[in-house]
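Protein chains get the first letters and strands the later ones, always in sequence-line order, with residue 1 at the start of each. Side-chain atoms are counted along with the backbone in the values below, which use heavy atoms only and exclude waters and symmetry mates.
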There are 2 protein chains.
Amino acid sequence: MIDRAAIVRTSLELADEKGLSAVTLTAVAQRLGVTPMSLYGHIENKAALLDHVVEALLAEFPLPDLELSWYERLAWIGRAARESARRHPGVFPLLLTRTAATPGSHRVRQAVFSALLDAGLSVAEVNRAERLLTTMIVGFAISEVSGRFGQSEEDIEADYVYLEKVLTMFITVAAQRPGDLGDELN
Amino acid sequence: MIDRAAIVRTSLELADEKGLSAVTLTAVAQRLGVTPMSLYGHIENKAALLDHVVEALLAEFPLPDLELSWYERLAWIGRAARESARRHPGVFPLLLTRTAATPGSHRVRQAVFSALLDAGLSVAEVNRAERLLTTMIVGFAISEVSGRFGQSEEDIEADYVYLEKVLTMFITVAAQRPGDLGDELN
DNA sequence: ACCTGAACACCGTTCAAGT
DNA sequence: ACCTGAACACCGTTCAAGT
């Protein structure tokens with residue numbers, strides 16, 4: 001009757017509606033019409049459940065059409081990140097405090113990789129640039145959705161446009177002057 | 001016997017030693033040799049306690065000597081942020097999900113403001129640049145301390161040097177070409 | 001003024017038992 | 001194979017009572 005996918009989906013919904021602290025084994029079980037103990041047949045424990053919830057968020061993250069230019073694809077991903085954060089304000093912040101070595105994050109990372117390669121970055125520099133780029137976008141989206149700066153929607157949008165310009169400049173420079181920003185790359 | 005400062009200090013220590021989830025009214029009270037209920041004489045509730053803990057972290061954040069150059073001051077603050085994150089890995093991530101309208105964050109923000117003004121940014125652009133800069137630094141420090149990329153210390157340090165270069169370039173451009181990065185500023 | 005006992009409605013988790 | 005009852009060690013919080 002109950003399977004892991006339903007448990008994870010219900011947990012994500014609960015987090016979206018009432019915040020991360022409302023994701024309780026008791027509440028999830030109740031919503032599924034079952035006792036809390038029965039969840040242990042499908043998940044290891046609560047920590048593992050949250051891992052699966054983050055993975056579900058990443059799995060539904062939309063990726064841009066590969067026929068778009070590298071710039072358009074990165075811009076798309078940036079917008080998609082902010083929309084994902086708005087859709088899942090309770091869960092999205094977990095992205096910054098958990099390992100990025102998971103299948104779901106690998107999938108998104110590949111999309112950023114390909115865009116940066118098309119932009120002209122060296123294979124060596126792409127790794128570093130991807131980590132920086134995602135950290136900035138995710139950090140911005142978390143701040144926005146958590147109301148960190150207490151600004152109006154318009155102000156936040158203007159901040160984001162500013163961020164986009166800075167990131168575009170960074171990528172352009174990295175592409176045109178290889179090794180200038182970072183030399184001994186991994 | 002027990003006052004708010006002691007409660008907050010004990011909570012921060014507990015978070016540093018055993019993680020944020022170990023900060024429990026029961027555990028804090030026990031460490032102070034008192035019952036959990038007695039804490040309510042000094043704090044409003046647990047959420048307010050966490051606010052105070054974050055504020056304590058900000059209060060101890062070291063600020064650079066004003067005789068240093070703007071570049072040296074920003075570099076100092078960046079290093080201090082990473083050290084603060086390493087000292088308080090459980091609490092530091094809360095900085096990105098809480099309002100920056102608090103006395104403690106205002107104090108640090110002023111230091112960044114003054115450095116950006118000295119760098120040559122316009123008064124209008126400094127607000128936006130400060131939000132971007134702190135978001136990036138805090139986002140990086142959280143990623144580092146949470147082991148998000150699972151890298152070695154050396155790799156992380158190289159990433160940080162790369163970030164520093166990008167941010168320096170951004171500030172330099174903003175100073176030399178006013179309005180070029182962001183026009184209609186608040 | 002400050003702390004506590006008792007009580008309440010919750011948590012996560014284990015395990016033997018039920019179907 | 002899947003779910004549950006009972007039990008345990010915890011949570012945050014309120015409030016009347018103690019000193």
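- The aromatic rings of B:Tyr162 and A:Phe170 lie perpendicular to each other, with more than 60° between the two planes, well past the 30° mark.
- In this structure, OH of A:Tyr40 is placed 12 Å from P of C:dC15, rounded to the nearest angstrom.
- Using a 4.0 Å cut-off, some side-chain N or O of A:Thr26 falls inside it from OP1 or OP2 of C:dG12.
- Distances shorter than 4.0 Å separate none of the side-chain N or O atoms of B:Thr35 from OP1 or OP2 on C:dG5.
- For the pair B:Arg82 and B:Tyr160, the cation-pi criterion (under 6.0 Å, within 45° of the ring axis) is fulfilled.
- Rounded to whole angstrom, the span from the CE atom of A:Met37 across to the C1' atom of C:dC11 amounts to 13 Å.
- The phosphate of D:dC3 has OP1 or OP2 within less than 4.0 Å of a side-chain N or O from A:His42.
- The pair A:Asp65-A:Arg73 fails the salt-bridge criterion, with no side-chain N (NZ, NE, NH1 or NH2) lying under 4.0 Å from an Asp/Glu carboxylate O.
- For A:Asp3 and D:dC3, the CG to C1' distance is 15 Å, given to the nearest whole Å.
- Using the Watson-Crick or G-U wobble rule with both distances under 3.5 Å, D:dA7 pairs with C:dT13.
- Taking atom CD of residue A:Gln30 and atom P of nucleotide D:dC3, one finds them 17 Å apart after rounding to whole Å.
- Using a cut-off of 4.0 Å between Lys/Arg side-chain N and Asp/Glu carboxylate O, B:Lys18 and B:Glu13 are scored as not salt-bridged.
- Residue-level contact check: A:Ser38 touches the bases, meaning some heavy atom is under 4.0 Å from a base atom.
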